[in-house]
Amino acid sequence: MVFIIEYDEVIKVSSEYILEMENISKSFPGVHALNNVNLKVKKGTVHALMGENGAGKSTLMKILIGIYRPDHGIIKFKGKEMKFRSTYDALQVGISMIHQELSPVPYMTIAENIFLGRESTYGKSFWINDKDMIDKTTKLLNQLKISLDPRMKMKELSTAYTQMVEIAKAISYNSELIIMDEPTSAITEREVEHLFEIIEWLKKKGVSIIYITHKMDEIFKIADEVTVLRDGNYIGTHSINEITKEKLIEMMVGREIKQLFPKEDTEIGEVLLEIKNFTREGKFYDINLKVHKGEILGIAGLMGAGRSEIMESLFGIKKPDKGEIYIRGKRVYINSPEDAIKHKLAFLTEDRKLTGLFLPLTVRDNIFISNINNYISKMLINSKKVNKDCQEQVKRLNIKTPSLDQIVNNLSGGNQQKVLIARWLLTNPDILILDEPTRGIDVGAKAEIHRMMSQLAKQGKAIIMISSELPEIIGMSDRILVMHEGRITGELKRNEATQERIISYATGIIS
């Protein structure tokens with residue numbers, strides 16, 4: 001098998017379709033995940049697979065790459081019927097996948113992660129040839145114009161850079177069909193354009209892409225065809241030139257969504273939070289910001305600009321080298337997340353699995369765990385009150401779960417995100433820090449979360465929202481701060497903000 005990109009010739013497939021999945025069905029205990037679903041992908045095209053969280057997209061792809069076996073149905077790849085028993089079987093015939101949920105080995109290097117399970121050795125010996133893997137990874141990253149040292153450990157990378165490494169790893173298999181599940185969920189506009197250039201290059205070489213995303217603009221930029229699933233059922237397939245954004249949303253959710261960014265005007269009140277001269281060497285410098293009661297403050301910037309790092313220091317996760325924090329004009333000292341919670345702060349981190357959820361625990365445990373002290377009386381937990389409050393949050397956020405006893409790892413990505421939001425709302429915070437709040441969430445759920453943000457602002461909460469999606473930043477923010485290389489380079493009011501102005505500040509063109 002070839003492990004470095006070597007698409008020297010255009011891939012040739014005799015059939016019009018490189019992939020045909022016919023009448024695929026799959027059930028789990030209590031859940032009918034897929035019901036006679038069809039998917040046909042033409043060679044050398046980008047085929048978008050759309051649907052809300054829980055529609056069955058990930059289940060269908062896991063069947064394709066051999067993680068699950070279908071209850072019935074047929075898979076044909078390059079005209080031949082296939083029965084994949086493992087991901088290894090799929091890789092052997094030329095199918096690879098970039099998963100939505102990143103799972104790097106944090107204490108191994110980039111090169112070791114890319115070649116995990118297929119390490120270079122000296123001849124026929126068992127001795128690993130690190131130099132060869134580093135050389136191959138360097139060549140791969142250079143070809144993809146990803147500026148990273150292959151000897152860096154994965155734990156040193158941001159979520160966005162981790163995503164780029166996952167993209168490089170999938171491409172390194174020299175596959176004929178690449179599944180990309182939310183590949184842009186953690187990367188910024190510049191990196192998205194970079195990925196699109198890679199996809200166009202792959203298409204020219206005859207590689208086919210199954211592209212899963214909740215970002216409508218991306219679909220209409222790069223997809224050739226789109227297939228929609230809803231509640232495990234096949235809804236239809238259309239050429240991208242024959243469908244409108246409104247029709248596509250209606251197919252996905254079964255109803256019309258009139259407003260994606262339901263931002264309401266609110267009365268902006270007193271300053272709830274102020275940070276002064278915040279600095280952490282190598283990450284951010286001399287940061288001064290205020291957020292008011294009833295305000296949604298958007299923070300924009302490219303990957304590595306320092307946005308998340310500021311919020312980590314504010315919340316007591318990583319101590320800044322210098323700086324002061326004021327809440328309602330009074331200086332406070334936050335040395336741990338526990339301190340932050342006591343001061344009525346909440347922090348939704350950008351990576352729900354790595355730094356948010358307790359995956360083996362139940363929905364109930366994940367929701368009330370940050371507020372556990374309020375449910376303890378005489379060394380016992382008041383289970384009745386826990387169940388009541390958690391059930392209210394499930395209803396409030398429309399979390400799709402069979403019960404509070406469901407293991408949170410079994411939920412779809414969007415519902416996992418809602419569980420995290422429910423956790424923080426249960427603490428009744430005054431100041432919410434939302435880092436990529438709609439990452440990996442479908443269009444219907446996005447509108448719900450945006451509506452919730454507006455309602456919280458009307459209640460007098462102060463919200464800091466970090467987002468790599470410029471339409472979200474512009475659509476939901478009252479005021480926008482833009483960062484470049486660890487510094488604030490621009491501030492825009494809602495009526496001043498455009499994508500062009502934000503990008504100019506974010507790239508240092510205007511400072």
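Because the structure is a prediction, the values reported are computed rather than measured.
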Residue pair S308 / D435, side-chain donor-acceptor N/O under 3.5 Å
yes
What I want to check is whether the side chains of D132 and S120 have a donor and an acceptor closer together than 3.5 Å.
yes
What's the verdict on side chain to side chain donor-acceptor pair (under 3.5 Å) for S208 and E176, showing C-alpha distance, side-chain angles and the deciding distance?
CA-CA 6 Å; S208 304; E176 297 177 53; over 6 Å; no
Interatomic distance, CD1@I433 vs CG@L314, rounded to 0.5 Å, equals 4.5 Å
Has K203 got more than 12 heavy atoms of other residues, nucleotides or ligands less than 6.0 Å from its NZ?
yes
Would you call E112-K153 a salt bridge at under 4.0 Å N-O?
no
Apply side chain to side chain contact (heavy atoms under 4.5 Å, CB included) to Y326 and L273, showing your working.
CA-CA 6 Å; Y326 294 83; L273 170 73; over 6 Å; no
Just how far is it from atom CG of D286 to atom NZ of K276, taken to the nearest 0.5 Å?
14.0 Å
Examine distances only and state if a side-chain atom of S467 and a backbone atom of E472 form a donor-acceptor pair shorter than 3.5 Å.
no
Atom pair CD (Q393) and CG (N398), whose distance is rounded to the nearest 0.5 Å
13.0 Å
Cation over ring face, R280 and F284, 6.0 Å, 45°
no
State the CD-CG distance between Q406 and L361, to the nearest 0.5 angstrom.
13.0 Å
Check: S86 side chain, G66 main-chain N or O, donor-acceptor pair, under 3.5 Å:
no
Does the pair E281/K322 count as a salt bridge with the N-to-O cut at 4.0 Å?
no
Would you find a donor on one side and an acceptor on the other, under 3.5 Å apart, between the side chain of S175 and the backbone of I178?
no
For T138 and P150, which heavy atoms make the closest approach, and how far apart are they?
OG1-CG, 3.2 Å
Could you tell me whether K139 and D135 have a side-chain N and a carboxylate O separated by less than 4.0 Å?
no
Find out whether the Lys NZ or Arg CZ of K221 is both under 6.0 angstrom from the six-membered ring centre of F196 and within 45° of the ring's axis.
no
Using the side chain to side chain donor-acceptor pair (under 3.5 Å) criterion, which residues pair with T362? Sequence neighbours excluded.
D365
Determine whether a donor-acceptor pair (N or O, by modelled atom type, separation under 3.5 Å) exists between the side chain of N288 and the backbone of N277.
yes
Give a yes-or-no answer on whether the side chains of N174 and K205 include a donor-acceptor pair shorter than 3.5 Å.
no
Backbone of I296 reached by a side-chain donor or acceptor of S477 within 3.5 Å:
no
Would you please test R307 and E350 for salt bridge (Lys or Arg N to Asp or Glu O under 4.0 Å) and show each step?
CA-CA 11 Å; R307 300 168 300 166; E350 68 172 320; over 6 Å; no
Before giving the answer on side chain to side chain contact (heavy atoms under 4.5 Å, CB included), spell out for N387 and R364 the whole-Å C-alpha distance, their side-chain angles and the decisive distance to 0.1 Å.
CA-CA 7 Å; N387 287 337; R364 177 193 298 102; 2.6 Å; yes
Less than 3.5 Å apart, any donor N or O on the side chain of E218 or Y211 sitting next to an acceptor on the other?
yes
Neighbour count >12 (heavy atoms, 6.0 Å) for atom CD, E338:
no
Looking at F28, does the NZ or CZ of K26 lie under 6.0 angstrom from its six-membered ring centre and within 45 degrees of the ring axis?
yes
By side chain to side chain contact (heavy atoms under 4.5 Å, CB included) - contacts of V332 (at least two apart):
I325, I327, I334, H343
For R118 and S172, which heavy atoms make the closest approach, and how far apart are they?
NH2-OG, 2.7 Å
Would you mind checking if R151 and D149 are paired as a salt bridge, meaning a charged N to carboxylate O distance below 4.0 Å?
yes
So F368 and W424, ring-ring contact (aromatic ring centres under 6.0 Å, His included) or not? Walk me through it.
CA-CA 9 Å; F368 91 96; W424 289 116; over 10 Å; no
Kindly say whether L144 contributes a backbone atom to a donor-acceptor pair with the side chain of H194 at under 3.5 angstrom?
yes
Between CD1 of I473 and CD of Q499, what distance do you get to the nearest 0.5 Å?
11.0 Å
Can a donor-acceptor pair be found, under 3.5 Å and without considering hydrogens, that links the side chain of T227 to the backbone of L49?
no
If only atom types and distance count, is the side chain of K318 paired as donor or acceptor with the main-chain N or O of E309 below 3.5 Å?
no
Among side-chain atoms of Y161 and Q163, is any donor-acceptor pair under 3.5 angstrom?
no
Closest non-hydrogen atom pair between R331 and G323, with its separation:
NH2-O, 3.9 Å
Is it the case that more than 12 heavy atoms not belonging to K169 sit under 6.0 Å from its NZ atom?
yes
Listing request: all salt bridge (Lys or Arg N to Asp or Glu O under 4.0 Å) pairs with a residue in residues 420-432, at least two apart in sequence or in separate chains.
R328-D430
When you measure from the side chain of N113 to the backbone N and O of V105, does any donor-acceptor pair fall under 3.5 Å?
yes
Donor-acceptor pair, W127 side chain versus T121 backbone, under 3.5 Å?
no
What's the separation between atom CG in L348 and atom CD1 in I464, rounded to the nearest 0.5 Å?
13.0 Å
